[in-house]
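The structure displayed is predicted, hence computed values, not measured ones.
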Amino acid sequence: MAKYALQSARLVMKRNQILESMMQYSFDAVISLDHSYRIMLLNSTAEDIFQLQESDVRGHFFFEVFPLFYPHIQFEKVRQIGELFGKKIQIEEKEYVLNIICISGEEKDAERAEDCFYILYIKDLENSEHLQNAAYENVEKLESDAQYVFEDIIGQSQKLKQAVFKAKRFAEYDAAVMIMGESGTGKELFAQSIHNASRRKHERFVAINCASIPVNLLESELFGYTKGAFTGALKDGKKGLFEIADRGTLFLDEITEMDLQGQKKLLRVLSEKKVRRIGDEVSRHVDVRIITATNKNVLRMIEEGKFLEDLFYRLNILALKVPPLRERKGDIRLLAQHFIHKYGKECRRRIVLEEGAWEILEKVPWKGNVRQLKNFCERLVIVSEQRLVTSDMVWEELIEGCYCEEPNISNDVPKKNAKSERWKTEREQILAVLNETGGRRDMAAEELGISLSTLYRKIKKYGIVISAR
C-alpha cells in the first residue's frame, strides 16, 4: 500500500509539473478561476499582456480585474455547455480569441456551480504573433559565428591591456568565464575573441541576450522542446541552443535577467552536462563552453535572493572585468579616430578634428562607454557641414545629441560665460548680449565665450532678428 501510495503521489507530481509547463510556456494568457470566478493562477504571458502581477490579483473577482471582458464572457453558459472555443472579441482596438474550459469535480455534480472551476486561454492576436516571430527570428539571427578577435580590441591603456592578457589566458581552457562590465564596454567583443582563440574556434559560437526574450520563452530556447510540448510550439519540436552549440561556445549575455526557475535548470545542465528538452524524458549529452556577461552587481543580487549562489560559483570560475571608458581616457582618441575613419568611408565623407575638439572628447564622461562614443562619431561624420571640425562644433553636437548636459561636460572643459546664470534661456541671454553690444556679433561672441560661427548658428537656430542701429 505504501509503494502504491508513493507511485500515486509521484504520478500526481508529474502531472502537476506537466500542467505547470503547459501553462507557463503558452503564448496565450492562461488564467484559472475557482467556482466563484475568483482568480487562482495567472501565467507569465498574462502578466506581460495585461501588466499585472499574480500576487496582486490572486483571490480577486475576475471582472473586478478585467471589467472590459464582462459583456463578452458569461460563465453560467460556459458551465452549462462545459466549454467555449474560438470566440473572437475586440476590446479597445485589440483583438482577442477566448477559449474557456469548465472543469467539475465529478460528472454527477457537473450541474453544481460550487464544484466547478474554469481555465481561460486568452490569445492577444497581435502580441502572440509578435512574440513567436520575434523569438524565433531573434534566436536565428544570434546563431552566428564569432566575427571578432583580440586584434579588434582597440586601446593602449594599462587596464585594457590587463583585461586582454587575462582573456587570452582564459581562451586556453574550457572553464566557464563570467565577463563583468558596464553597458557598452564591449563584453561580447571579448566573448567572441575568447572563442576565436580557443580550441573550439572551428565550432559554433551561439549568443543569446537573456533580456531580449520573454521569460516564458527563454527556457524553451535554451533547452529546446518536443512536439506539442506547449501551445504555439513548432509541430516537429525544436533544438535548444545548448544542442546547437554542442562542441562550441554558448554566450549568455545579461545572464542576471534569467528568472530563478531558469537558473535552477541551467545549474542542473552545467552540473550533469546533459540537457532535456521540455516535454521529453530523454537527456542528451552536450559539450559546451559557457561564457556569460552581466552589467549588474551579482553579489548584491545573491544577497537579495535574485540570483543563485551555486550558479554564480559555476559561472564565475574565470572572472573577467572590462574597464569602463572613463578609466581608460587615453584610449578615447584611438577609438574615435577608428570610428570616424570607419563611418567616413561608409558615408564617403572625410572630416578632421582640431586639437581643441579632441580635448573636449577626451573629457566627456561617456556614460554609455564605447558604444556611446561610437554613436557620437557616426553622428559627427553625418552632420558636419565642413571638413574641419572645431571644438565649438563638437560642443554643440554633444549638447544637441544629448550626449552631455549644458553648460558643463566637466570642470576641465571650457564653460559658458558666467553671465548666462542671469537668464532663463540661452535665447534670452544672446538677445541681451547682442543688445548690449549694439548688434556687433563679433563682440557678442567674445562676451558669450563662443566662436563667431557658433553664434551665427545659434542666431539662426533661435530665429533671432537683429535690428540695425
Side-chain angles (χ1 to χ4, degrees), residues 142 144-201 205-211 248-257 288-302 307 311-339 341-342 361-377:
L142 288 169
S144 58
D145 292 332
Q147 302 174 357
Y148 297 107
V149 294
F150 284 115
E151 287 71 23
D152 293 317
I153 300 175
I154 299 169
Q156 294 296 324
S157 65
Q158 191 60 32
K159 286 195 174 183
L160 184 70
K161 284 182 177 180
Q162 288 174 354
V164 172
F165 175 77
K166 276 189 177 182
K168 287 180 177 179
R169 287 285 302 276
F170 294 169
E172 299 173 12
Y173 307 95
D174 275 348
V177 178
M178 178 174 278
I179 305 174
M180 303 178 193
E182 297 176 8
S183 295
T185 51
K187 295 186 290 294
E188 184 165 358
L189 184 62
F190 272 87
Q192 291 191 20
S193 299
I194 290 171
H195 171 80
N196 281 329
S198 73
R199 67 176 182 83
R200 299 173 183 264
K201 61 184 176 183
F205 177 87
V206 180
I208 183 171
N209 188 315
C210 297
T249 302
L250 178 59
F251 175 53
L252 303 175
D253 196 7
E254 298 193 52
I255 182 66
T256 45
E257 298 303 315
V288 178
R289 202 263 175 93
I290 300 292
I291 301 178
T292 58
T294 180
N295 58 7
K296 301 284 182 65
N297 186 327
V298 189
L299 294 177
R300 184 179 299 165
M301 292 187 69
I302 292 171
F307 200 83
L311 180 59
F312 174 68
Y313 294 142
R314 285 274 181 182
L315 299 175
N316 194 47
I317 297 173
L318 301 175
L320 179 67
K321 292 187 177 180
V322 181
L325 199 51
R326 64 180 176 274
E327 293 180 7
R328 37 185 293 219
K329 292 284 188 179
D331 293 340
I332 292 176
R333 186 177 297 213
L334 288 173
L335 287 162
Q337 286 172 338
H338 170 76
F339 295 137
H341 176 71
K342 175 180 181 289
L361 288 182
E362 290 172 339
K363 291 167 183 173
V364 173
W366 300 115
K367 295 179 181 178
N369 293 297
V370 179
R371 185 186 295 126
Q372 188 185 27
L373 176 63
K374 179 182 177 182
N375 293 343
F376 177 74
C377 290

What pairs with [X] under side chain to side chain donor-acceptor pair (under 3.5 Å), at least two apart in sequence or on another chain?
{"X": "Arg326", "result": "Glu182"}
{"X": "Arg328", "result": "Asp331"}
{"X": "Glu327", "result": "Lys159"}

From [X] [atom1] over to [Y] [atom2], what is the distance, rounded to the nearest 0.5 angstrom?
{"X": "Leu373", "Y": "Leu335", "atom1": "CG", "atom2": "CG", "result": "6.0 Å"}
{"X": "Asn196", "Y": "Glu151", "atom1": "CG", "atom2": "CD", "result": "10.0 Å"}
{"X": "Trp366", "Y": "Lys374", "atom1": "CH2", "atom2": "NZ", "result": "14.0 Å"}
{"X": "Ile291", "Y": "Phe170", "atom1": "CD1", "atom2": "CZ", "result": "11.0 Å"}
{"X": "Ile194", "Y": "Phe205", "atom1": "CD1", "atom2": "CZ", "result": "9.0 Å"}
{"X": "Ile153", "Y": "Leu189", "atom1": "CD1", "atom2": "CG", "result": "4.5 Å"}

Can you give me the closest heavy-atom contact between [X] and [Y], atom names plus distance?
{"X": "Asn369", "Y": "Ser183", "result": "ND2-O, 2.9 Å"}
{"X": "Ala191", "Y": "Ile179", "result": "N-CD1, 3.8 Å"}
{"X": "Met180", "Y": "Phe312", "result": "CE-CE1, 4.1 Å"}

### Summary
Residues at least two apart in sequence or cross-chain that pass side-chain contact (heavy atoms from CB on, under 4.5 Å) with Asn375, listed by chain then number, are Arg371, Tyr403
### Message
List the residues meeting side-chain contact (heavy atoms from CB on, under 4.5 Å) with Gln337, not counting sequence neighbours, and say none if there are none.
### Response
Arg333, Leu334, Trp358
### Query
Please walk me through it: do Thr185 and Leu325 pass side-chain contact (heavy atoms from CB on, under 4.5 Å)?
CA-CA 7 Å; Thr185 51; Leu325 199 51; over 6 Å; no
Quick check against the 3.5 Å criterion: does [X] have a side-chain atom that pairs as donor or acceptor with the backbone of [Y]?
{"X": "Asp152", "Y": "Val149", "value": "yes"}
{"X": "Lys187", "Y": "Gly181", "value": "yes"}
{"X": "Gln372", "Y": "Lys367", "value": "yes"}
{"X": "Arg289", "Y": "Ala175", "value": "yes"}
{"X": "Asn209", "Y": "Glu254", "value": "no"}

### Query
Is there side-chain contact between Phe339 and Val370, with at least one heavy-atom pair below 4.5 Å?
yes
### Lys/Arg-Asp/Glu bridge criterion (N-O < 4.0 Å) met for Glu257, Lys296
yes
### Message
side-chain contact (heavy atoms from CB on, under 4.5 Å) for Asn316 and Val298? Distances and angles first, verdict last.
### Response
CA-CA 10 Å; Asn316 194 47; Val298 189; over 6 Å; no
### Message
The criterion is salt bridge (charged side-chain N to carboxylate O under 4.0 Å, His left out); which residues satisfy it with Arg199, sequence neighbours excluded?
### Response
Asp174
#### Entry: Enclosure of Lys329 NZ (heavy-atom neighbours >12, cutoff 6.0 Å)
yes
### Query
Aromatic rings Phe190 and Phe150: how do their planes relate, parallel, tilted or perpendicular, breaks at 30° and 60°?
perpendicular
